[in-house]
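Fair warning: this is a prediction, and the values are worked out from it, not measured in the lab. All chains are named by letter (A, B, ...) in the order of the sequence lines, taking the proteins before the strands, and each is independently numbered beginning at 1.
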Amino acid sequence: MLPLELIRKDPDRVRRAAELKGEPAPIDEILKLDKEWREHLHKAETIKEEQNKLSREFAKTRDEALKDRLRQMADVAKQEMAQAEAVKRELDDLLLRVPNLFHESVPIGMTEADNVVVREWGGKPELGFTARTHYDLGEALGIMDFERAARVSGSRFAFLVGDGARLERALAQFMLDVHTREHGYKEVMPPALVNSASLVGTANLPKFGADLYKVEGQDLWLIPTAEVPLTNFHREEILDGHVLPLKYVAYSHCFRSEAGAAGKDTRGFIRLHHFSKVELVKVTTPEQSMEEFEQLLADAETILQRLGLHYQVMLMCTGDMGFAQYKKYDLNVWCPGLDRYLEISSCSVFNDFQAMRANIRYRPAPGAPPKFTHTINGSGVAMRVIDPLLETYQRSDGMVTVPDVLKPYMGGIELIGAR
RNA sequence: GGGGAGGUGGCUGAGCGGCCGAAAGCACCCGCCUGCUAAGCGGGUAGGGGGUGUAAAGCUCCCUCGAGGGUUCGAAUCCCUCCCUUCCCGCCA
């Protein structure tokens with residue numbers, strides 16, 4: 001969330017940023033409630049001060065008349081405080097609904113048409129035959145099963161079977177190895193269920209609860225991404241400045257209701273209710289965050305490069321970047337069969353927006369007052385990289401070559417579909 | 001799930017209803033002393049919020065001893081509910 005102080009001082013800046021993001025921001029209401037809150041608080045505190053003084057006096061004098069007066073003061077103070085708290089609760093809830101500002105390098109725009117391709121790697125592969133989609137290939141090879149998944153679970157679910165399942169395991173292993181051994185991330189196996197405070201911390205709540213699966217009757221939710229448990233790993237902590245930046249990587253399953261996506265991407269291994277990915281999260285100082293963000297993006301790109309997949313780096317415009325992000329890149333990988341780019345990773349920097357919500361702080365130097373950290377995350381990468389992978393490495397006979405970097409993880413298999 | 005013990009500052013750990021935002025130790029910071037290192041001496045260091053201040057500093061007040069309620073003029077301390085940790089038993093991959 002944004003500091004209340006900033007909204008007080010420069011409401012127009014916040015309002016403008018929200019508008020450019022296409023997000024409503026209840027600024028006027030916040031300013032009004034802020035004033036009300038402080039009035040009640042001030043009144044309560046003034047009475048409290050007097051009451052505390054007189055109460056100390058009473059301890060000495062035991063004057064019964066004073067006791068009556070004190071009782072009345074306590075009542076009034078309690079009332080004022082209760083009102084202040086009620087207003088503050090309303091205020092806090094509104095504050096959680098104000099979108100983040102954005103970095104000056106973010107292009108202004110409302111739709112994805114205003115996003116900017118900042119670079120490309122590789123080129124579209126020349127297959128020399130008509131490319132098939134990953135779901136055609138996957139079903140024909142018996143490594144993807146959507147029909148049975150629909151029966152067992154419903155639409156937007158998939159089975160990976162045989163070498164398909166093996167491929168997912170190989171990819172996870174490969175990515176984790178690269179990030180832990182070469183990029184310095186610490187591997188984490190996080191819980192897949194988290195409480196609502198954690199979801200507020202990463203800004204999934206209170207606004208986006210409809211996108212999440214909730215456990216009935218309990219304060220537990222299925223994670224939509226490992227970003228949630230990883231970022232909240234240090235919630236309510238004050239870290240030593242010298243441990244920053246902290247870098248975590250987790251392979252996890254992710255669950256999304258896809259409430260707003262009716263009819264979109266219903267075919268294939270694309271927009272599932274349950275999928276998995278490798279997630280990168282960094283906790284940094286404000287000074288480090290933009291550089292660490294670019295590095296995290298590069299770390300994700302490494303994976304795609306080693307897999308030999310053509311991709312572009314897309315800088316998201318204000319209207320397409322989301323509520324909480326300060327700056328965001330998507331990595332879009334070319335899928336010859338689908339004949340389009342598919343988002344395989346999304347990397348974002350949040351400034352202190354999440355850290356304020358999750359109350360993640362650090363002490364810049366011994367004895368110095370704590371400051372909010374910055375947080376960064378990105379997929380490194382999503383397991384649906386399987387789609388461009390199958391489509392890129394397919395052969396005219398319908399079999400799929402295993403990319404070199406995955407061979408050590410595939411138990412000697414070089415060709416999916418052979419025999 | 002049943003029973004016991006416990007949650008206090010960056011950490012360890014004391015705490016009588018008012019003299020407690022809190023002893024002591026560790027750690028850290030500043031200074032002094034000592035020809036290195038170590039030791040010694042003195043001082044300092046919780047978080048959040050309001051007001052004042054152009055701002056930093058400062059001053060001042062309020063709140064916070066797991067969370068939320070209650071009793072009381074006054075609660076870390078007494079009562080209730082919840083959460084978490086830990087031990088024993090049960091169940092379990």
Exercise. Does a nitrogen or oxygen in the side chain of A:R363 sit under 4.0 Å from OP1 or OP2 of B:G47?
Worked result: yes
For this session: Could you tell me whether A:F293 and A:H103 have their ring centroids closer than 6.0 angstrom?
Result: no
For this session: Could you check which nucleotide pairs with B:A46 in any of the strands shown, counting Watson-Crick or G-U wobble with both distances under 3.5 Å?
Result: B:U64
Exercise. Between A:K60 (NZ) and B:C73 (P), how many Å, whole number?
Worked result: 19 Å
Seminar exercise, completed: If pairing means Watson-Crick or G-U wobble with both distances under 3.5 Å, then the partner of B:C59 is B:G51
For this session: Would you mind telling me which residue lines up with the more 5' stretch of RNA chain B, A:L54 or A:L41, judged by nearest nucleotide?
Result: A:L41
Problem set entry | Which residue lies more 5' along RNA chain B, comparing A:K67 with A:K53 via nearest heavy atoms | A:K53
For this session: Considering only atom C1', compute the distance from B:U45 to B:G9 and round it to an integer number of Å.
Result: 10 Å
For this session: Taking the side chain as every heavy atom from C-beta outward, state whether A:L171 and A:L389 have any pair of such atoms under 4.5 Å apart.
Result: yes
Problem set entry | Rounded distance (Å) that lies between atom P of B:G10 and atom CG of A:N359 | 12 Å
Exercise. Counting side-chain heavy atoms from C-beta on, which of B:G48, B:G49, B:G74 comes nearest to A:S55?
Worked result: B:G74
Exercise. For atom C1', what is the distance between B:A5 and B:G66, given to the nearest Å?
Worked result: 16 Å
Problem set entry | Under-4.0 Å side-chain N/O to phosphate OP1/OP2 contact, A:R38 with B:G51 | yes
Exercise. Do A:R119 and A:V313 have side-chain heavy atoms sitting under 4.5 Å apart?
Worked result: yes
Exercise. Just wondering, do A:I386 and A:L160 contact through their side chains at under 4.5 Å, heavy atoms?
Worked result: yes
Exercise. Mind checking the C1' distance from B:A75 to B:C80? Whole angstroms is fine.
Worked result: 15 Å
Seminar exercise, completed: Paired to B:C33 by Watson-Crick or G-U wobble criteria (both distances under 3.5 Å) is none
For this session: Please examine the side chains of A:R15 and A:D28, heavy atoms only from C-beta on, and report whether any two atoms are closer than 4.5 Å.
Result: yes
Exercise. Using atom P of each nucleotide, how far apart are B:G10 and B:U71 to the nearest Å?
Worked result: 32 Å
For this session: Look at the side chain of A:I238 and decide which nucleotide, out of B:C73, B:G49, B:G10, has an atom nearest to it.
Result: B:G10
Exercise. Reckon A:A74 touches a base, only the sugar-phosphate, or nothing at all at heavy-atom distances under 4.0 Å?
Worked result: sugar-phosphate
Exercise. Is there a side-chain polar atom (N or O) of A:R56 under 4.0 Å from OP1 or OP2 of B:G17?
Worked result: no
Exercise. Could you give the NZ-to-C1' distance, from A:K78 to B:G69, as a whole number of Å?
Worked result: 11 Å
Exercise. Would you find more than 12 non-hydrogen atoms of other residues, nucleotides or ligands less than 6.0 Å from A:E237 atom CD?
Worked result: yes
Exercise. Atom CZ of A:R361 and atom C1' of B:G10: how far apart are they, to the nearest Å?
Worked result: 12 Å
For this session: Compute the centroid of each ring, for A:H273 and then for A:F157, and state whether the two points are separated by less than 6.0 Å.
Result: yes
For this session: Using only side-chain N and O atoms of A:K48, determine if any of them is under 4.0 Å from OP1 or OP2 of B:C63.
Result: yes
For this session: Could you tell me the separation between the CG atom of A:D63 and the C1' atom of B:G74, rounded to a whole number of Å?
Result: 15 Å
For this session: To the nearest Å, give me how far apart CG (A:D34) and C1' (B:G51) are.
Result: 13 Å
Exercise. With rounding to whole Å, what would you report as the distance between B:G47 and B:G53 at their P atoms?
Worked result: 25 Å
Seminar exercise, completed: A:M81 CE to B:C61 P, in whole Å, measures 16 Å
Exercise. Taking any strand in view, what nucleotide pairs with B:G18 in a Watson-Crick or G-U wobble way, both distances under 3.5 Å?
Worked result: B:C73
Exercise. Any donor-acceptor pair under 3.5 Å joining the side chain of A:R89 to the base of B:G68?
Worked result: no
Exercise. With a 4.0 Å cut-off on heavy atoms, is A:R62 in touch with a base, just the backbone sugar-phosphate, or nothing at all?
Worked result: base
For this session: Have a look at A:N52 and say if it touches a base, only the backbone sugar-phosphate, or nothing, with a 4.0 Å heavy-atom cut-off.
Result: sugar-phosphate
Problem set entry | Side chain of A:E49 - closest among B:G50, B:G18, B:C61 | B:C61
Exercise. Considering Watson-Crick and G-U wobble pairs with both distances under 3.5 Å, what does B:G1 pair with?
Worked result: B:C89
For this session: Would you name the heavy atoms of A:G380 and A:I303 that are closest together and state the gap between them?
Result: O-CG1, 3.8 Å
For this session: Please state the P separation for the pair B:G18 and B:G90 - nearest whole angstrom.
Result: 45 Å
Problem set entry | A:K88 NZ - B:G68 P separation (whole Å) | 13 Å
Problem set entry | B:A76 to B:C84 separation - P atoms, rounded to the nearest Å | 25 Å
For this session: Sticking with atom P, work out how far B:C61 lies from B:U72, rounded to a whole angstrom.
Result: 28 Å
For this session: Could you work out which one of B:C73, B:G48, B:G49 sits closest to the side chain of A:R71?
Result: B:C73
